[in-house]
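Below: one structure, written as structure tokens.
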Amino acid sequence: MIKSIKKRLFRTDGWLHRQIVAEFHRQWYDSAHTWRENRFLGHRILQCPLDLQLYQEIVFATRPRFFLQTGVAHGGSLLYFASLFDLIGADASALVVGVDIKLTEAARALNHPRIRLVEGDSTAPAVLAQVRALLPAARGMVALDSLHTADHVAAELLAYREFVAPGCYLVVEDTNLNGHPVCPKFGPGPFEAVGPFLRGDGDFVCDDTLWRRNFFSFHQHG
Ligand SMILES: C[S@@+](CC[C@H](N)C(=O)[O-])C[C@H]1O[C@@H](n2cnc3c(N)ncnc32)[C@H](O)[C@@H]1O
């Protein structure tokens, strides 16, 4: 009897389960010592390891021609994707391109033949022209991880959709902001940009199947 009540209480689609997962998500996000201190091969990487696992699965399954990320910070994610491309035996033309409004010393010091950096506002026409010049005629995978206001993400979605290959992913990062479930006072953020984009763009659909397997993601619904 107790076992069956417990089973019902903690059902993975149930209210209590969702509360526990959301509380763990908040605790883990708010700690100063979790994602803010994570490193990949010695380089700071501002990501949740559960998401890095999913990124690895996506890259293996879709084998994108390139990976393009807005928001570089310390560059750990760029090195992660460049290393994944090495591991799956991608050819040398599979570049990893990072765009940041102010490149850090750590990003500039990245030493990997696949990595290219562009400095400037991710939505500036001159920056987009530089990205296009680096990725002629190819389409691949894109992750948006720069300024997390809804307006900026909405502008990025319109600007970077052209770089996404059919069957590949356009990841809107940090959709957990503004109370989904972290940082409730953030204001409209990535999550708020995704809905209007999807309603206005029939070429993209939201894939929630991958992250749900791991209970939560910093980029859930993104
Ligand atoms: C969350 S961090 C990126 C973390 C990184 N992607 C990682 O996984 O480790 C956000 C970065 O976005 C950059 N940024 C902020 N506003 C930007 C803008 N308008 N255009 C491009 N980059 C911007 C910041 O300089 C910062 O380095």
Quiz item: For the residue pair V194 and G222, what are the closest heavy atoms and their distance?
Solution: CG2-CA, 4.4 Å
Quiz prompt | CG on L117 to CG on L134, rounded to 0.5 Å | solution = 9.5 Å
Quiz prompt | Residue of the set F24, F215, F216 for which ring-ring contact (aromatic ring centres under 6.0 Å, His included) holds with H17 | solution = F215
Quiz item: For residues 67-78, which residue pairs qualify under salt bridge (Lys or Arg N to Asp or Glu O under 4.0 Å), counting only residues two or more places apart or in two chains?
Solution: none
Quiz item: Could you state the interatomic distance from CD1 (I58) to CD (Q53), rounded to the nearest 0.5 Å?
Solution: 10.5 Å
Self-check item: Parallel, tilted or perpendicular: rings of F197 and F204 (30°, 60°)
Solution: tilted
Quiz item: Can N176 and H219 be counted as having a side-chain donor-acceptor contact under 3.5 angstrom?
Solution: no
Practice problem: Using ring-ring contact (aromatic ring centres under 6.0 Å, His included) as the criterion, point out the one residue from F81, F85, Y80 that pairs with F67. | Solution: F81
Quiz item: Less than 6.0 Å separating the ring centroids of F218 and W211?
Solution: no
Quiz prompt | Gap separating the CD atom of E173 from the CD atom of Q47, nearest 0.5 angstrom | solution = 4.5 Å
Quiz item: Going by distance alone, is a donor N or O of one side chain under 3.5 Å from an acceptor N or O of the other, for D91 and S93?
Solution: yes
Exercise. Verify whether one side chain among T123 and E156 offers a donor that lies under 3.5 Å from an acceptor in the other.
Key: no
Exercise. Check side chain to side chain donor-acceptor pair (under 3.5 Å) between W35 and all other residues, then give those that pass, not counting sequence neighbours.
Key: none
Quiz item: Is any NZ, NE, NH1 or NH2 atom of the basic residue among E119 and R108 found under 4.0 Å from an Asp or Glu carboxylate oxygen of the other?
Solution: yes
Quiz item: Side-chain donor-acceptor pair under 3.5 Å between T175 and H180, yes or no?
Solution: no
Exercise. Would you give the length of the straight line joining atom OH of Y55 to atom CG of L210, rounded to the nearest 0.5 angstrom?
Key: 11.5 Å
Self-check item: For L147 against V153, the heavy-atom pair lying closest together
Solution: O-CG2, 3.6 Å
Quiz prompt | E23 bridged to R18 by N-O distance under 4.0 Å | solution = no
Quiz item: Is the cationic atom of R36 (NZ for Lys, CZ for Arg) positioned less than 6.0 Å from the six-membered ring centroid of Y29 and within 45 degrees of its normal?
Solution: yes
Quiz item: Does the salt bridge (charged side-chain N to carboxylate O under 4.0 Å, His left out) test come out yes or no for R213 and E57, once each step is laid out?
Solution: CA-CA 13 Å; R213 226 180 55 217; E57 292 185 24; 2.9 Å; yes
Practice problem: Determine, for E162 against R139, whether the closest basic-nitrogen to carboxylate-oxygen distance falls under 4.0 angstrom. | Solution: no
Self-check item: R65 atom CZ: more than 12 heavy-atom contacts under 6.0 Å
Solution: no
Quiz item: Could you walk me through whether H112 and D86 pass the side chain to side chain donor-acceptor pair (under 3.5 Å) check?
Solution: CA-CA 10 Å; H112 192 289; D86 291 345; 2.7 Å; yes
